[in-house]
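Below you'll find the structure, written out as structure tokens, and then a few comments.
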Amino acid sequence: MSLIHLNDENFKKEILEAKKPALVDFYATWCGPCKMVAPVIEELAKEYADKFKIGKLNVEEAQEIATKYAIMSVPTFLFFKNGKVVGQVVGALSRSEFKKKIDSVLS
């Protein structure tokens, strides 16, 4: 499985109850940097599919979740492990920076 499209219905099961660590890309359709980083996120979702979940959550469609995690700007990326946030990045990163963050969560 590669990139997961998250919403109010599947967020708990896919991210909070996941056996694997996860990265959630909080984005909006009108956000330029979100569009710019989207291909990188899709590539990483394929590359890490066996050991890391990667999902996208549209903040306009899932406002309750965005509010719960105090998402103030997009893109914001939250790293989860055992249902808890273990890292956060606001703004677009390079592919290598994302890989470093993912690898640090995995270790």
Side-chain angles (χ1 to χ4, degrees):
M1 180 184 297
S2 51
L3 195 64
I4 304 161
H5 291 280
L6 299 165
N7 55 45
D8 289 328
E9 287 76 45
N10 70 0
F11 187 83
K12 183 178 178 192
K13 177 183 174 288
E14 292 288 354
I15 303 301
L16 302 181
E17 297 172 354
K19 302 283 185 251
K20 296 186 238 179
L23 165 61
V24 178
D25 172 3
F26 289 84
Y27 77 100
T29 54
W30 46 261
C31 165
C34 299
K35 291 176 185 173
M36 190 179 75
V37 79
V40 172
I41 296 300
E42 287 173 26
E43 285 173 23
L44 292 170
K46 289 181 185 126
E47 185 178 334
Y48 285 90
D50 58 334
K51 56 189 170 202
F52 209 89
K53 283 190 162 200
I54 298 181
K56 292 177 72 74
L57 184 110
N58 185 328
V59 296
E60 293 177 321
E61 293 172 0
Q63 292 179 354
E64 206 171 291
I65 294 169
T67 301
K68 178 181 178 184
Y69 290 100
I71 304 304
M72 297 296 168
S73 59
V74 288
T76 293
F77 303 90
L78 294 184
F79 294 85
F80 289 83
K81 197 170 192 175
N82 301 319
K84 306 254 184 290
V85 176
V86 295
Q88 177 176 338
V89 172
V90 178
L93 292 180
S94 68
R95 187 175 199 285
S96 62
E97 288 296 315
F98 274 117
K99 286 181 66 99
K100 278 185 207 164
K101 292 275 188 190
I102 290 169
D103 292 339
S104 75
V105 172
L106 284 171
S107 62

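Side chains are part of it too, since the values below use all heavy atoms of this structure and drop only hydrogens, waters and symmetry mates.
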Open item on the list: Using 0.5 Å steps for rounding, measure from the CG atom of N58 to the CZ atom of F26.
Closed with: 11.0 Å
Open item on the list: Can you classify the ring geometry of F11 versus Y69 as parallel (below 30°), tilted (30 to 60°) or perpendicular (above 60°)?
Closed with: tilted
Task: K12 atom NZ: more than 12 heavy-atom contacts under 6.0 Å - done: no
Open item on the list: Per the salt bridge (charged side-chain N to carboxylate O under 4.0 Å, His left out) rule, what does the pair list look like for residues 93-107, sequence neighbours excluded?
Closed with: E43-R95, E47-R95, E47-K99, E97-K100
Task: Same cluster (ILVMFWY, side-chain, under 4.5 Å), L44 and V86 - done: yes
Open item on the list: Using only atom types and a distance under 3.5 Å, with no angle test, would you say the side chain of N82 pairs donor to acceptor with the backbone of E17?
Closed with: no
Task: Any donor-acceptor N/O pair, K51 side chain to P21 backbone, under 3.5 Å - done: no
TODO: Working to the nearest 0.5 Å, report the span between NE2 of H5 and CG of N7.
DONE: 10.5 Å
Open item on the list: Just verifying a value: how many Å separate E14 CD and E9 CD, rounded to the nearest 0.5 Å?
Closed with: 12.0 Å
Task: Sole candidate of F79, F52, Y48, F77 that passes ring-ring contact (aromatic ring centres under 6.0 Å, His included) when paired with F98 - done: F77
Open item on the list: One pair to check against side-chain contact (heavy atoms from CB on, under 4.5 Å): V37 and L93. What are the steps and the verdict?
Closed with: CA-CA 7 Å; V37 79; L93 292 180; 5.9 Å; no
Task: M36 versus A92, closest heavy-atom pair with distance - done: CE-CB, 3.9 Å
Task: Cluster overlap I15 with V85, hydrophobic side-chain contacts below 4.5 Å - done: yes
TODO: With rounding to the nearest 0.5 Å, note down the distance linking NZ in K84 to CG in L78.
DONE: 14.0 Å
- [ ] Would you list the pairs meeting disulfide (SG to SG under 2.5 Å) in which at least one residue belongs to residues 8-97, sequence neighbours left out?
- [x] C31-C34
Open item on the list: Enumerate the salt bridge (charged side-chain N to carboxylate O under 4.0 Å, His left out) contacts for residues 54-77, please, sequence neighbours excluded, ordered by first and then second residue.
Closed with: D25-K56
- [ ] Check whether V90 and V105 end up in the same hydrophobic cluster, where Ile, Leu, Val, Met, Phe, Trp and Tyr are linked by side-chain heavy atoms less than 4.5 Å apart.
- [x] no
Open item on the list: If hydrophobic clusters are built by linking Ile, Leu, Val, Met, Phe, Trp and Tyr wherever their side-chain heavy atoms come under 4.5 Å apart, do L57 and W30 end up in the same one?
Closed with: yes
Open item on the list: In this structure, would Y27 and V89 fall into the same cluster of hydrophobic residues linked by side-chain contacts under 4.5 Å?
Closed with: no
